[in-house]
There are 2 protein chains.
Amino acid sequence: MSSVVVINQRARSAEQKALRRQEVLRAAESYFQEVGFEAFSMAQLATKTGIAKGTLYLYFKTREEIFLTLYDQSLIRWSSAFIATLSEDMTSNAYAQSLYKTTHTDGVFLPLLIRLEHVIEHNVAIPRLIESKRVFMQQVDAVAKVTSSALALGTAQANEVVKTMGVLLIGATQTDQRPALDNEVLPADVQHLITSFSSEPLFVKNAVRIIESIRAEALSNG
Amino acid sequence: MSSVVVINQRARSAEQKALRRQEVLRAAESYFQEVGFEAFSMAQLATKTGIAKGTLYLYFKTREEIFLTLYDQSLIRWSSAFIATLSEDMTSNAYAQSLYKTTHTDGVFLPLLIRLEHVIEHNVAIPRLIESKRVFMQQVDAVAKVTSSALALGTAQANEVVKTMGVLLIGATQTDQRPALDNEVLPADVQHLITSFSSEPLFVKNAVRIIESIRAEALSNG
DNA sequence: CAGTTGAAATGACCGCCGGTCATCTATATA
DNA sequence: TATATAGATGACCGGCGGTCATTTCAACTG
């Protein structure tokens with residue numbers, strides 16, 4: 001028998017508190033998708049959630065702890081979505097394409113990922129950081145395991161692939177975070193430059209190069 | 001005959017104004033190295049420069065225009081420093097090592113590079129942005145040209161190498177921007193994770209993989 | 001040399017930010 | 001019903017990027 005948990009005005013039980021925390025996170029995620037990282041304000045989030053600003057700080061120590069939690073959740077979502085697209089013996093290209101696509105369908109994963117280490121982690125308590133790193137390791141392991149059979153690689157090589165894909169993804173994604181310059185008239189040379197840094201081919205091409213190299217190394221090293 | 005330009009209290013001529021602008025930039029660069037991106041405040045910069053806050057805005061439209069200008073300058077510095085280390089017919093490994101090293105000796109280049117597209121460019125006037133992109137293209141061309149002879153590649157391949165190195169560098173560098181966790185006691189597993197994401201091997205290894213792939217493609221495509 | 005002028009310089013001021021905490025009040029319990 | 005506990009509140013804080021009416025000085029004029 002599970003009883004319906006309703007939060008009248010105050011969350012007293014641990015269950016109610018967890019529920020309210022989730023309410024905040026749900027509001028935060030939708031608000032984040034609206035306005036992005038820089039314009040995200042705690043006062044506005046409080047309004048959107050329907051609680052007072054001070055109350056937010058009963059559930060999260062800092063603004064960045066909210067972002068870190070959203071990141072953790074989106075990482076978990078992504079890893080299971082990506083794993084679901086993998087099958088045995090894929091081409092490097094298919095693998096890279098799927099990785100790119102799945103990371104880009106989630107509205108919050110990449111924007112948070114690229115700000116993780118140089119902004120978010122700088123205003124988070126150490127124990128919370130450790131917790132997040134554990135989530136990260138767990139997800140990497142899960143993805144590496146399936147990668148191993150998808151690309152026919154050993155455990156070590158599969159881990160290397162996953163790790164490297166992360167690095168490449170961050171670099172290639174940078175370019176998607178540029179301000180929208182649509183309906184701006186740009187000189188042809190600048191327009192060409194921007195086009196030539198389109199993230200998808202940049203990522204996929206180099207992902208394939210790296211995967212193939214790691215494959216070749218695995219063969220020549222036994 | 002060049003006359004010495006001294007700025008008493010007011011910069012009236014274009015020459016004096018350019019000089020004062022450089023003074024601001026010099027102070028900004030040293031201040032940036034002290035406190036980093038997030039803690040960099042215009043009021044403090046004004047104090048360090050020895051002028052009033054409002055005066056800063058006579059020389060730069062926004063805080064981000066200062067950062068963009070520092071970035072442009074550091075890019076130019078880096079490209080000439082890197083070019084100076086290149087010689088004919090280098091190994092991919094030597095090339096990658098040198099690229100890594102030269103980017104990491106400048107104190108402001110990488111921190112600005114990784115914030116370029118998702119923060120800095122969002123608060124800069126379009127004409128200024130175009131100017132900066134032109135500087136970028138110019139430097140990429142210069143580096144690509146020397147890369148072409150250093151790695152014995154055609155122009156197209158050399159450009160591809162340079163472009164891709166940038167992407168990889170941003171991704172691999174992310175990890176250096178983590179908060180300093182020295183004298184924090186971390187669990188062994190987390191400590192191991194952090195160690196395994198050390199930026200130098202991450203960059204160099206994959207840079208070599210990519211360069212070698214591009215080389216191989218060049219051979220097989222004629 | 002004094003008087004005039006225009007632009008460089010100033011800093012008080014604005015709205016907003018993340019975060020705090022004395023105070024209030026809904027709820028569980030006695 | 002009275003009391004104790006703890007969740008919720010929002011006025012308040014210092015500091016932020018950026019603005020602009022006002023001040024001040026260098027250069028020009030006669």
Side-chain angles (χ1 to χ4, degrees), chain A residues 3 5-24 27-28 31-32 35-70 115 119-125 128, chain B residues 3-24 27-28 31-32 35-69 115 119-125 128:
Chain A
S3 60
V5 179
V6 180
I7 310 176
N8 305 318
Q9 301 175 36
R10 271 151 208 243
R12 322 259 328 181
S13 68
E15 197 181 3
Q16 285 177 321
K17 286 199 241 178
L19 214 76
R20 178 146 288 180
R21 211 181 125 100
Q22 275 306 318
E23 275 174 25
V24 173
Y31 175 44
F32 180 76
V35 303
F37 190 91
E38 279 71 26
F40 185 107
S41 97
M42 293 297 270
Q44 268 298 305
L45 173 59
T47 302
K48 302 256 178 192
T49 314
I51 62 179
K53 184 162 64 140
T55 309
L56 285 179
Y57 287 88
L58 300 178
Y59 292 91
F60 298 93
K61 285 203 193 70
T62 63
R63 179 177 180 258
E64 281 72 24
E65 275 206 12
I66 296 180
F67 289 135
L68 187 59
T69 308
L70 289 180
R115 285 163 177 98
V119 186
I120 297 175
E121 291 187 357
H122 286 260
N123 200 10
V124 157
R128 181 65 191 80
Chain B
S3 61
V4 176
V5 179
V6 179
I7 311 176
N8 307 319
Q9 301 173 37
R10 270 153 209 241
R12 321 261 326 186
S13 67
E15 197 180 2
Q16 284 176 321
K17 286 199 241 178
L19 215 75
R20 178 146 288 179
R21 212 181 124 101
Q22 274 306 317
E23 277 174 22
V24 173
Y31 175 44
F32 181 76
V35 304
F37 191 90
E38 278 71 25
F40 185 107
S41 98
M42 293 297 272
Q44 268 298 305
L45 174 59
T47 302
K48 303 256 177 194
T49 315
I51 62 179
K53 185 162 61 139
T55 309
L56 286 179
Y57 288 88
L58 299 178
Y59 293 91
F60 298 93
K61 284 203 194 70
T62 64
R63 179 178 180 259
E64 280 71 23
E65 275 207 13
I66 296 181
F67 289 135
L68 186 59
T69 307
R115 287 166 176 95
V119 185
I120 298 174
E121 291 187 357
H122 286 259
N123 200 10
V124 156
R128 181 65 191 82

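Scope of the values below: all heavy atoms of this structure, side chains included, with no hydrogens, waters or symmetry mates. Chain naming here is simple, since letters A, B, ... match the order of the sequence lines and numbering starts at 1 in each.
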Find every protein N or O atom lying less than 3.5 Å from an N or O atom of nucleotides 21-24 of chain D, and list the pairs.
from   : atom 1 : to      : atom 2 : distance (Å)
D:dT24 : O2     : B:Arg10 : NH1    : 2.6
D:dT24 : O2     : B:Arg10 : NH2    : 2.8

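- Spacing between atom CD of A:Glu23 and atom C1' of D:dG7 amounts to 14 Å, rounded to whole angstrom units.
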Would you tabulate the pairs of protein nitrogen or oxygen atoms and nucleotide nitrogen or oxygen atoms of nucleotides 1-5 of chain D closer than 3.5 angstrom?
none

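- Rounded to whole Å, the distance from CG on A:Leu19 to C1' on D:dA8 is 17 Å.
- Under the rule for a salt bridge (charged side-chain N to carboxylate O under 4.0 Å, His left out), B:Glu64 has no partner lying at least two apart in sequence or in another chain.
- In this view, B:Ala18 satisfies the side chain to side chain contact (heavy atoms under 4.5 Å, CB included) rule with no residue, not counting sequence neighbours.
- Going from atom NE2 of A:His122 over to atom P of C:dG18 covers 18 Å, rounded to whole Å.
- B:Phe67 places its CZ atom 8 Å from the P atom of D:dG17, with the value rounded to the nearest Å.
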- [ ] Decide yes or no on side chain to side chain contact (heavy atoms under 4.5 Å, CB included) for B:Arg20 and B:Glu23, but give the supporting numbers first.
- [x] CA-CA 5 Å; B:Arg20 178 146 288 179; B:Glu23 277 174 22; 4.3 Å; yes

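- For D:dG18, the OP1/OP2 oxygens have a side-chain nitrogen or oxygen of B:Asn123 closer than 4.0 Å.
- The nearest whole Å value for the distance from the CD1 atom in A:Ile51 to the P atom in C:dC24 is 21 Å.
- Applying the salt bridge (charged side-chain N to carboxylate O under 4.0 Å, His left out) criterion to B:Arg128, with sequence neighbours excluded, gives B:Asp72, B:Glu131.
- By the side chain to side chain donor-acceptor pair (under 3.5 Å) test, B:Lys61 is found to be paired with no residue, residues two or more places apart in sequence or in another chain being considered.
- In terms of the ring pair (Phe, Tyr, Trp, His ring centres under 6.0 Å) criterion, residue partners of B:Phe32 (sequence neighbours excluded) are, by chain and number, B:Phe67.
- When atom types are taken as modelled, the side chain of A:Gln16 and the backbone of A:Ser13 share a donor-acceptor pair closer than 3.5 angstrom.
- Under the rule for a ring pair (Phe, Tyr, Trp, His ring centres under 6.0 Å), A:Tyr57 has no partner lying at least two apart in sequence or in another chain.
- Look at CD on B:Glu64: it is 9 Å from P on D:dG17, rounded to the nearest Å.
- In this structure, B:Leu19 CG and B:Gln22 CD are separated by 8.0 Å, a value rounded to the nearest 0.5 Å.
- For the segment residues 52-63 of chain B, the set of residues with a heavy atom within less than 4.0 Å of an atom of DNA chain C comprises B:Ala52, B:Gly54, B:Thr55, B:Leu58, B:Tyr59, in numerical order.
- The shortest distance between side-chain heavy atoms of A:Glu38 and B:Val119 falls below 4.5 Å.
- With sequence neighbours excluded, the residues that form a side chain to side chain contact (heavy atoms under 4.5 Å, CB included) with B:Ala52 are B:Thr55.
- Between B:Tyr59 and B:Lys17, the shortest heavy-atom distance links the atoms CE2-O, 3.5 Å.
- Scored by the side chain to side chain contact (heavy atoms under 4.5 Å, CB included) test, A:Thr47 finds no partners at all (sequence neighbours excluded).
- For DNA chain D, no neighbouring residue in residues 38-46 of chain A is found when judged by any heavy atom under 4.0 Å.
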